Each structure stands twice: as C-alpha cells, then as structure tokens.
Amino acid sequence: MLDVPFLPFCAFLGTLGLLCVAMVGSWCQHWRGGFSLDGSSRTFNWHPVLMVTGLVVLYGAAALVYRIPNTWNGPKLPWKVLHSSLALGAFVLTVLGLAAVFRFHNSQGTPNMYSLHSWMGLATVLLFSCQWAAGFGAFLLPWAPAWLRALYKPIHVFFGSTILMLSVASCASGINEKLFFSLKNGTMDYKLLPAEAVFANTMGLLILIFGVLVVAALARPSWKRPDSDSPDSRQPLLSAER
C-alpha cells in the first residue's frame, strides 16, 4: 500500500462512508418514494439505508478502532468498550433494517428468504451475531482466561474482515436486485441505464471501495496495535482502571 498516514486515510474513509449513507438515502428519497412505517414500499426503503449505515459503515468504523494510534498506549478497556459499542450499534441498525424488509414483504404478501441476496444477508447477520457474542465473552467478561483470548483473537480478526466483505456483497446484490425489480413496467428498462441505474450502480461501487479500503487498513502491519502481555490488555469489563 502507499505510505499514507493513518489519520488522513481515516478522514477520507469517514467521508466516503458518509457519502455512501447519503447516496443510499437520496436514492430511496428521490427515486423510491421516501420513507414510511405503513408497510408499503416506503417502509422497505428503510432497509437499504439501515443496512448500509449499520452493517457496512458503522461496522467498518468499529473494526478500525484498534488501528487508532491513541489506542496503543495505556489501558485497553475503554477502547474495547468503544469497539463493542460501535459493533452493537451496527447490530441494532441491522436488526431494524431486517424488520423493515420483513414487514414490507408480509404486508404485500411477498415470500421471505427466496433470493440469494436474502440468504447471504441473513447468513451475514447471523455470523455477525455470533461474532459479537463470542467477542464479548472472550474479551470483555472477567472469566475468560488469557490462553483462550490468545487462541480466539486471530479467529475474531479473520471473521471481522469476512463479515464486512459479506456485508458489502449483500448490499451490492441487494441494490442490483432492487433495480431489476423496479426498473420495469412503465419505467425505463435497467439495461438502458436510466439515471437511477447510473446513480445506484455508482453507489454500489463506492460501498465496495469503502469495504476494500477498510480491509486493506486492517491488513496493513504498520497500523496494527502492538501485542502486549500487560495486565491492561487483559483487563475485564467492569474492573477498575489503574
């Protein structure tokens, strides 16, 4: 990778993440009719917004917490709490996004869980749930021994990147699926690339770039938090800081 300082890279990544959220919100507002909780297609529009915000952008921010240089010194507990809180916030938004699409399907009489997008998305959410619960038990609760944390840490890191890329793939397939369903029957066909198709395709590419850059940052050795065997690195939740 290019020798880019972490903080400017992080600022760029944050701007890109906000742009992705703004674009999916604009797409749903401008072309898909806006937002509602009445079970109509406007209820569905909460689904892409919440999924991109939670499962991609907020989750990506949680993954990068330990790359911040300020986390490399002093007690690790506050950063653990921040990491788990951001991930929990991402999970809450994800659950709300699932609730929106299930409510829309049920109110319209549309079957649930029949497409590859839905299978991949639900698998990602279930894996995310297991990842958060296992990480909370291994790294924040006081009964996990040091050897278990050391054993589980590389697994946790691997699945962190895996879940992010699955999230990006789920979002991209969902955008494509929505365009195929929407751009027909009185609208310009998707294959003719109307303005909505160009906008949504660009949005999908930006989401993909965001995910790739987060994974690249996680893989860069010089940005990784140095391993430490100090008591601070094994500090349990609710214990007193020095």
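What you are looking at is a predicted structure, and each value in this text was computed from that prediction instead of being measured.
- Aromatic ring orientation, Phe128 versus Phe91: perpendicular (interplanar angle above 60°, classes split at 30° and 60°).
- Counted within 6.0 Å of CE on Met113, heavy atoms from surrounding residues, nucleotides or ligands total more than 12; the atom is thus considered enclosed.
- Crowding of Trp27 atom CH2: a count of heavy atoms from other residues, nucleotides or ligands under 6.0 Å exceeding 12.
- Panel note: side chain Ser107, backbone Phe104; a donor-acceptor pair is recorded below 3.5 Å.
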> Between His83 and Tyr66, does a ring pair (Phe, Tyr, Trp, His ring centres under 6.0 Å) hold up when you go through it step by step?
Replying inline: CA-CA 8 Å; His83 172 74; Tyr66 292 123; 5.2 Å; yes
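- Between the side chains of Ser173 and His117, a donor-acceptor pair is found at a separation under 3.5 Å.
- Remark: Trp119 CH2 is loosely packed, at most 12 non-hydrogen atoms of other residues, nucleotides or ligands lying under 6.0 Å away.
- Cation-pi contact between Lys178 and Phe44: present, with separation from the ring centre below 6.0 Å and deviation from the ring axis of at most 45°.
- Ring-plane geometry between Phe180 and Tyr190 is classed as perpendicular, the angle between the planes exceeding 60 degrees on a 0 to 90 degree scale with a lower cut at 30.
- You'll find the ring centres of Phe199 and Trp31 inside the 6.0 Å limit.
- With ring centers used as reference points, Phe139 lies under 6.0 Å from His156.
- Linking Ile, Leu, Val, Met, Phe, Trp and Tyr whenever their side-chain heavy atoms come within less than 4.5 Å leaves Met165 and Met120 in two separate clusters.
- Under the 3.5 Å distance criterion, the side-chain polar atoms of Asn45 are matched with a main-chain donor or acceptor of Gly34.
- A perpendicular orientation is assigned to the rings of Trp223 and Phe6, their planes being inclined by more than 60° (bins at 30° and 60°).
- Side-chain atoms of Asn201 and Asn176 form no donor-acceptor pair, as typed in the model, at a separation below 3.5 Å.
- A heavy-atom distance below 4.5 Å is found between the side chains of Val49 and Thr53.
- Of the possible polar contacts, one joining the Thr43 side chain to the Asp38 backbone as a donor-acceptor pair under 3.5 Å is found.
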